[in-house]
Amino acid sequence: MIDINLIRENPDKVRKGIERKHYDAGLVDAFLKIDADWRANKQEADELRAKQKTFGPESRDEAKAVKEKVAEKEAVISGLEKERQRVLEQIPNIPADDVPEGKDDSENVVLRQVGERPQFDFEPKDYLTLAGRLIDTEQAVKVASSRFGYIFGDLARLEFALVKLAMDTLEPYGFVPTIPPVMVKPEVMRGMGKQKFLEAGDAFYLQDDNLYLVGSSEHSIGPFHMDNILEEETLPRRYMGFSTCFRREAGSYGKDTKGILRVHQFDKVEMFSFSKPEDSEEEHKFLLGREEEMLGKLKLPYQVMAICTGDMGFGDYRQFDVETWLPGQGKYRETMSCSNTGDFQSRGLNIKYRVKSTGELKYIHTLNATAFAIGRMLIAILENYQTKAGDVLVPEALQAFVGKEKLSIPK
RNA sequence: GGAGAGGUGGCCGAGUGGUUGAAGGCGACAGUCUUGAAAACUGUUAUAUCCGAAAGGGUAUCGCGAGUUCGAAUCUCGCCCUCUCCGCCA
């Protein structure tokens, strides 16, 4: 949630910021109008209540009259608050000044390309061909529906190897491994600034229980500290969460319909940091660094993208994506994302920290980053580690965990 | 699923209609003392919001929501959650 006071004191900055993200700047004026109305009514109600409190048992009639007026005012105020909240939730976080301008993903900026693309003296195959019976989406359609898949054998093994690699890599940096809930309450999703995700119908909703399935463990790790006050000296707090993620992929009809690149259910290891505001840009680079470190360990070629204003997330202050080279497709595809949401989420969830020197309470900054979106890493490994014979080698960094140097692929 | 108990400030815990934002304790912070620390003593110590340049002042908050009352942490109703026992169960 955006800072109310920022809109009040610096509406132009907010207008400009949300316009850069291609949202309607009229939201700011709608907010200001309701807010002014709210303040006026609030003032009157407070004065009436102060008066009401001065009455004793001897002035019942007068007290009753005042009480009725207070009740009327309160009804007005509560209506305005709901309306104001509704508008506020439509306002995205404003981007950092130096985020590249752009309308959509075509205008993201390549920051760097790292790693050698594998040179094949043959036509590289796509991952589905390579995986053979290790990936089965046909039976999955019968059992579940489209956009689901079965992953078998050594690919399943590879998944757990990737989890182990992520844990071994990240724990020394202080990331606490966690397995968070995969269902969260609606107010938690809203607090996390995920209203766009909900509105788009992208979240699976369990009506009987009034719970959403998470689209990422970000959605349940972030709120772990909701309503908490953290001590400055414990920051940054870093978590690495493993969870299954659920997404409807609404609005992606016809896109990546085959295979497991875009599915309703996948597993992911996620990094999440709670940071002091003054350190969050640095922490953001640190998380990006960990993503690059892990791709480096897997010797996978990738490029780092600065996401432009039109493509970045609703709650993001700054976003990087990492795209991994997929020889079977002949292009880089997004495998990781890395966002600094500033205090946007901590306002929505009421997460603060105590400044040691002054005792002051301030909103914390939250950051999230993919460690491994496992399905997509499987794809990247299959395509990058293929041989002329149609075999797939196991990346060196995973061999100890998988227990072999080459995948067994039943034909 | 059945039965019972309970939800008060950072934590523990008192408080059944009238300056109670809330006793007491712990913790934290500051000071005295000490070479330093500990102990002891003294003091400070909720949050949000509105008005205000500030000083300061108003209002709200004792799980959430409604109600009774001039007045509610305290009474009534609904909801949520937690705990204990029994049952079922990975």
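Keep in mind the model is a prediction, meaning the values are calculated, not measured. By convention in this document, chain letters (A, B, ...) are assigned in the order of the sequence lines, proteins followed by strands, and residues within each chain are numbered from 1.
- Ring to ring, A/His264 and A/Phe204 are close: their centroids are under 6.0 angstrom apart.
- Pairing for B/rU42 goes to B/rA30, judged as Watson-Crick or G-U wobble with the two contacts each under 3.5 Å.
- A/Gln52 comes within 4.0 angstrom of the backbone, heavy atoms only, and of no base.
- Nucleotide B/rG67 forms a pair with B/rC75, judged by Watson-Crick or G-U wobble geometry with both contacts under 3.5 Å.
- A/Ile7 has its side chain within reach of A/Leu32: a pair of non-hydrogen atoms, C-beta onward, lies under 4.5 Å apart.
- For the C1' atom pair drawn from B/rG4 and B/rG87, the interatomic distance equals 15 Å after rounding to whole Å.
- Searching all strands for a Watson-Crick or G-U wobble partner of B/rA14 with both distances below 3.5 Å returns nothing.
- B/rU35: no Watson-Crick or G-U partner with both key distances under 3.5 Å is found in any strand.
- Heavy atoms of A/Lys73 sit nowhere under 4.0 angstrom from any nucleic acid atom.
- Shown here, B/rU84 forms a base pair with B/rA3; the pair counts as Watson-Crick or G-U wobble because both key distances fall under 3.5 Å.
- Within a 6.0 Å sphere centred on CZ of A/Arg157, heavy atoms belonging to other residues, nucleotides or ligands number 12 at most.
- Both tests pass for A/Arg290 against the ring of A/Phe286: distance under 6.0 Å to the centre and angle within 45° of the axis.
- Comparing B/rG43 with B/rU35, their C1' atoms are spaced 26 Å from each other, to the whole Å.
- Residue A/Lys53 is in sugar-phosphate contact alone, with no base atom involved, counting any heavy-atom pair closer than 4.0 Å across all strands shown.
- Pair assignment for B/rU20: none, as no Watson-Crick or G-U wobble contacts are both less than 3.5 Å.
- Chain A approaches RNA chain B within less than 4.0 angstrom (heavy atoms of the protein), and the contacting nucleotides run 5' to 3' from B/rC29 to B/rG71.
- Distance noted for atom C1' between B/rU82 and B/rG36: 47 Å (whole Å).
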Between A/Cys338 and A/Gln319, does the side chain to side chain contact (heavy atoms under 4.5 Å, CB included) criterion hold? Intermediate values first, please. CA-CA 6 Å; A/Cys338 183; A/Gln319 181 183 353; over 6 Å; no
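- B/rG7 and B/rG31: their C1' atoms are spaced 39 Å apart (whole Å).
- Taking atom C1' in both B/rC11 and B/rU45, the straight-line distance is 14 Å, to the nearest Å.
- Aromatic pair A/Phe274/A/Phe272: centroids less than 6.0 angstrom apart.
- With the nearest nucleotide of RNA chain B identified for both A/Arg8 and A/Glu47, A/Arg8 has the one nearer the 5' end.
- Looking only at atom types and distance, the side chain of A/Asp3 has no donor-acceptor partner in the side chain of A/Tyr363 under 3.5 Å away.
- For the pair A/Glu270/A/Tyr239, no side-chain contact is recorded, criterion being any heavy-atom separation below 4.5 Å from C-beta on.
- Annotation: B/rG63 and B/rA55 have their P atoms spaced 32 Å apart (nearest Å).
- Nearest-nucleotide mapping onto RNA chain B: of A/Glu74 and A/Ala63, the residue sitting toward the 5' end is A/Glu74.
- Proximity of A/Val392 to A/Ile409: side-chain heavy atoms (C-beta onward) are separated by under 4.5 Å at one or more points.
- Note: A/His219 and A/Tyr212 fail the aromatic proximity criterion, with ring centroids not under 6.0 Å apart.
- B/rA55: no Watson-Crick or G-U partner with both key distances under 3.5 Å is found in any strand.
- RNA chain B lies under 4.0 Å from at least one heavy atom of each of the following residues of residues 28-41 of chain A: A/Trp38, A/Arg39.
- B/rA72 and B/rC64 have their P atoms separated by 16 Å, given to the nearest Å.
- Pair assignment for B/rA60: B/rU47, on the basis of Watson-Crick or G-U wobble contacts that are both within less than 3.5 Å.
- Atom P of B/rG67 sits at a distance of 43 Å from the matching atom of B/rG27, rounded to the whole Å.
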One pair to check against salt bridge (Lys or Arg N to Asp or Glu O under 4.0 Å): A/Glu83 and A/Arg86. What are the steps and the verdict? CA-CA 5 Å; A/Glu83 185 61 13; A/Arg86 200 188 59 75; 3.2 Å; yes
